[in-house]
Structure formats: C-alpha cells, structure tokens
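Here is the structure we will look at.
No experiment lies behind these values; they were computed from the predicted model shown. Residue numbering restarts at 1 for every chain, and letters A, B, ... go by the order of the sequence lines.
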Amino acid sequence: MTLLIRNGRVVDPSQALDETLDVLIQDGVVKRLAAAIKPPGKAEVVDATDLVVAPGLIDMHVHLREPGFEYKETVESGTRAAAAGGFTAVACMPNTRPVNDNRSVTEHIVGEAERHGYARVYPIGAVTKGEKGEELAEYGDMVAGGVVALSDDGLPVANSEAMRRALLYSRHYDLAVIQHAEDPTLGPDGVMHEGEFSTRLGLPGLPGAAEDAMVARDLLLVEDNGGRYHVAHLSTARSLELVKLAKDRGLSVTCEVTPHHLLLTDRDVLESGLSTHTKMKPPLRSEADRLALVEGLADGSIDVIASDHAPHHADEKDVEFSLAPFGIVGLETTLALCLDRLVRPGLISLSRLVEVLAVNPARVLGVAGGTLKEGSVADVTLFSLSRQMTVNASRFRSKGRNTPFDGWKLRGRPVSTFIAGRHVVV
Amino acid sequence: MTEIAWQQKDLLSIADLSAAEIQLVLDTASSFREVSARPVKKVPTLRGKTVINLFFEPSTRTRSSFEIAEKRLSADSLNFSASSSGLVKGESLVDTALNLQAMAPDLIVIRHGHPGVPRMLAERVSAGVINAGDGAWGHPTQALLDAFTIREEKGKLEGLKVAMVGDIAHSRVVRSNIELLNTMGAEVTVAGPRTMMPVAVETLGVRAVYSLEEAIRGADVVMMLRVQLERHKKVMFPSVREYFQLFGLTRERLRSAKRDAIVMHPGPMNRGVEIASDVADGSRSVILEQVANGVAVRMAVLYLLSGARQEAGA
Ligand SMILES: [Zn+2]
C-alpha cells in the first residue's frame, strides 16, 4: 500500500524540519520526504496544501475507563475521540475496575484497541497491586502484555518505601514511573485550589504544597535510586522549579502539563458559577502558577502536553460542586486549544507544540512514532492553522461531555490522522 | 421608603445586591418590624402564596425565623428536611429541583451544606429562591439582619469599625457580612486562630489580625462567631480552654472596644468558649435583638421577592 501526502507543511522537530514537502509512505513506513515526489503508480494521494503534516500526536495521559466504567467511556469511544482530536495514539491510565495491574487486563485493553483501530493504545500498568500503594504489581508480565509505563494515577504512590521500590524495580524494564503527585494528608477534604477563590467561596482547599511536597520527595528518591520519573499533570510554579532543579542535577525526570492548567485558573471556578466542569485534580491553580507553566512550556522545561482526558457521566457531574467527581475530558479539544491559545498568540512555536504533543511523549513512553524520519512508522496527523471550530460537547465522540471549553471558538483544528499509513475514518 | 424597584428573582448572595437594594431590604424590614409589635402579628401580604422551606442541614434557628416570617405574612408554607422527606433522601439535586418545580411554589427557602446549591436550584425552578445558608459560602439573610441590627443601634453603617472574631475560614456568616459591610462602607477587621483563618484572607477586603484585643480596639461592633466544636475541636485548636484564653470575649477585653460598642453573635452561642456569659447577657449585647430583627428582615425579603415575581409575571 502506497500513500503520498502532498504539498503539506511538514513540521517534525525530531529532525529539525519545517518546510513544504511531500511524504511518501509505503507498507506503513515513511519511505521518503522530498519536494515534488512523483506519485508511484497505484499510490493514494492526499492533498495537504495549507495543512500541517506532523508526526502522529500522542496523548500520554487519558482515562479510557474500560474495563469497569463503560458507561463513562470505552476503548472504542475514547479512541474515536482521540482520532477526532488529531491523536494517533493514547496511553491509558490503569484506574479501571479491575485495576490494570496484571496482564489479563492489559491484554483486554490491547485487544479492544486492535478490534476498533481508531488509535494506538498504550496501556499504563499500575505501580502497585490494586493501586493500593503497597505491593508492587508484576511489571514484567504486564510489559509482555503491552504495558509501556507505570502509574497509580487517580491516586499518588504516597508511601515512600513503595515509591522507592517502584523506582528500583522499574529499572529492570526501563519503564517511566508516572506520579500523580499529591500528598493526600494535606488538604484532605479539598475540592479546589487553596487560595483567594477558595477563600471567597468558603470551599476546602487543595494547597499547592501538597503537590510540591510529593514531587520534592520523589526527586530525592530518584536521586538516590535512579529510575525514570515523570510528573503527571504538573500544576504549580514550585513543582516546576523542583523539576528544573532535578534536570540540572542530571536526573532522569520529565513532566507534563494539561491544556486546562495552561489556560484556566481558580478564578474560573468562581466565574463559572461553581461549574463542576472546573473541578479536577490537580485543581485549576492561581494565575501565577498558570503563567509559570506557560513559561516552562516555552523555555523547554516542560516536556509534554497531555489532556488527562477524564470522562464522567453527565449525571455524575450534574450535582453539588463538592460532591462531583474530579476530571474533565480533553481529547477533542487539546490540539485546537493549543493552536489557538498558545501557538497563534506566539507563546510557543508550532514546532515546540509538535515536540510536546508527539516527539516527547514517544520518548518518555519509549514507543515508536513521534517522528517522520525515513524508515519510521507512518503515524501522521494533519491539521489546519486557519480552519475554525466551535467546541460543541454534545457532538463529541467521547461519551464524556464534561468540558469547561464548550462553546469556545478556536482557530486551528485537527483534520485527519493516519496510522501506519492507513487513513483513520471516524 | 426608598424609591427603587426590586428586580431580583432570587436572593442567593449579598454580592448580587447593590447598596441601594440593601437599603431597600433594610427599609422594608423597618416597616415589618412594626407588625411584630402588634397584638395580632399578621398581615395578608402573601396570602395564597406557597413557600417551601427546604432544609438539608439541621437549623432550628434560621428555619423557625423563616417560618414565623412566612406565617406573619399569611403565606402557605411547608417544610421539607433531608431527614424527614423522601423527596430529598437519596435523590439527586436535579431531581429534587424538578419535583419542586412540578409543585409550582412561589418561593423556596433553601439551606444546604454544599456551596452553590441554591444557585443550582434557582437556575432550574421558576420560583424565587432564598439562600438560607450554603456551605461556608453565604448566608445573605443573616448578613442583612446583622446590618439591620447595627443600623438600628448606630443609625448608620458607613464608616463603622466592625470586628469579627473566631472561625473565619469556615463561616458563611463572615463571608456574607464582609460583602455587605464593604458594600455599605464599613471597615471590617477579622481575627481568629491562624489555623482557622483562610489563606489570602485580605483578598476579601478586610484587615486580618491574630489577637482579639487588636481586632476589637476602637471597634463600634464586635461580632463573635460560633466555634463549631463538633467539627473543629480536634484539629484546629488544642482545647476549648486554650481557645477561650486566646479568643474568648470577656468583659475585661471588651474594654478596648469603643465605650458604646455593641456585641453580636449569630447564634447558637457556646458560652465560655467564644463568649463569656456576662458579656452575652450584658448591656452591650444585642444578641436577642438580632433574633427579633431576623424575622422582620426575612419578612422583607419574602415580600420583595414575591413582589418581583408578580411584576415579572404581569
Ligand atoms: Zn492524576
């Protein structure tokens, strides 16, 4: 099978590339990048004039909810959402029911993903059995089933001894340990960021220090024990400072931020009239934190943008703010939000965006993709910088409609995705 | 009476009210106070109107105050409480709202443990909704009755120094009072143990201090807050004895306030915890006046909201 993507603006930071080129794909692999390639006989030709051609985007932090919570999302609906949002791959968190802490659950997820084929699915295995924070799960067996990284996301690995063992043992498989960094004993009843707006609303707060303390502890453990450590949904200025410090000291540390932490703050909780679509963990932080994250994204200290796509049923979210579950969806808004609110105003370059959405997630997870170099797997995302879209939650492919961005008008949007050279139809 | 019309469908938060609207409530309450002094304490103002009192948290005080206000206005009122009513037990808030809407009441008075619930309800029912306390966010009728009481005693609100002392972090009374007093031009100081002071408290537009004496020095009004012993004793301060030593209002300490300063408390009081009995029962205390004024202020709110509904319907 041969595919020629013609005349697109190829943006691939993995080879410092940003120019108008044709991309020739054969047998699922990038065969050649060049200007004006003459299409071979039976080639399918895709005209990418005025479009950006990027390595397939990878969202390394999503909750597909299957098995166990199929009323919120399934592998099928979640990967359709991914494809609609311009992602060719997602990494899914293990806080399902049962927890993905063993090979049979891993294989179930992988099997579902293959059956539907909208996006690659890389399961993340639990750090500890049942995400209980105590005994290590069977990493080797899960890796054999398809797991590419470890996390107890939804919960932190709070126990220091368990974290130390996880860092040590994960080294046998070169797996990143992804931490949902939150000291659960600090602000235990919190429902929003502790600051000016929690004070105004009289709501119990989640202090930034709960995240910072956990990140600091983990970095000390990484320094002593090695391992690859990745901070999930980093949300505070101080945690970012700690990560920078650790990078300066040569530790193998990376971090991700979400679009909502880059674009919204705790003020939005008040101004939305306590909409439960502004409730997630970590919570929307202060404006100072937000600005620090944008800066960290621009200066390279933040490695990845991930959505923390967390679908919930409308009935679960349509309740009192304090009782609503944490989390919002993001697969179908992330790319457009980043294009309109980060790239268009010049806060970051287009190539930087592709780096944090494709190149770096592939590197952190240690998976194929994240590049269009000749010989690499032909996962490709096409998107437009000029086409407009209005976010319409009622038309999401995801089962979750819980987004604070409903109704936002955005310029720049996904157009199509290809997995191993095959056009994905959603 | 002030020549402005009441436009609001609901009373959800003091922040939604202008200074003129606050004046209007207080002026209206003045005329209703007279009703409570009559031998027959009843006017036909709300005859034929249905008021539902929906209390998801126990509150004898606020609920009785609303009930009396409703009866004196001749409204048909009925009470639902979370413990006694199948309507709200195990039912989602949205369903509760739909059920209430189907009963077509004119006004709903709601008390709920979670902030924002009165607003959620107001968006879903055509009845006027009165927030009778939501979480630690707001308690607008309490702030209005406090303001009414202060105005009765001092003749004005503007320029007064008001001290509020106690559990600032968890008090809805504090938040609504600060909003109201700031709108009306009073100066507010808050004080309490550091463990019961919210972060960034100054952003509320108050001065925060950490000693009782400093808070009440030169104050016209000293408002003591209830310590929620059941909730906070364990973690927020080591013992009741120590709390009283640090932040209990005694006759001796009250001397640093103005000579004619009044002492207030939203109730129910913990005597010997936040306030000494001789102060609570002393000549400077207006705590029982607050209770009496509460009925008049709630009559005013019920009257104004039902009037606004009539005009909107016409
Ligand atoms: Zn998480």
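Using a 4.5 Å heavy-atom cutoff, the side chains of L93(B) and E320(A) are in contact. Contact of the L204(B) side chain with the E196(A) side chain is not registered, since no non-hydrogen atoms from C-beta on lie closer than 4.5 Å. S322(A) is listed as a side-chain neighbour of P115(B), based on a closest heavy-atom distance under 4.5 Å.
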W137(B) and L274(A): side chain to side chain contact (heavy atoms under 4.5 Å, CB included), yes or no, with the steps? CA-CA 11 Å; W137(B) 193 6; L274(A) 279 181; 3.6 Å; yes
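Residue contact with chain B, scored on non-hydrogen atoms closer than 4.5 Å, involves the side chain of L203(A) exclusively.
Remark: K244(A) NZ is packed, more than 12 non-hydrogen atoms of other residues, nucleotides or ligands lying under 6.0 Å away. Within a 6.0 Å sphere centred on NZ of K399(A), other residues, nucleotides and ligands contribute more than 12 heavy atoms.
Heavy-atom minimum distance, L201(A) versus R175(B): C-NE, 4.2 Å.
Heavy-atom proximity under 4.5 angstrom to chain A picks out nothing from residues 179-194 of chain B.
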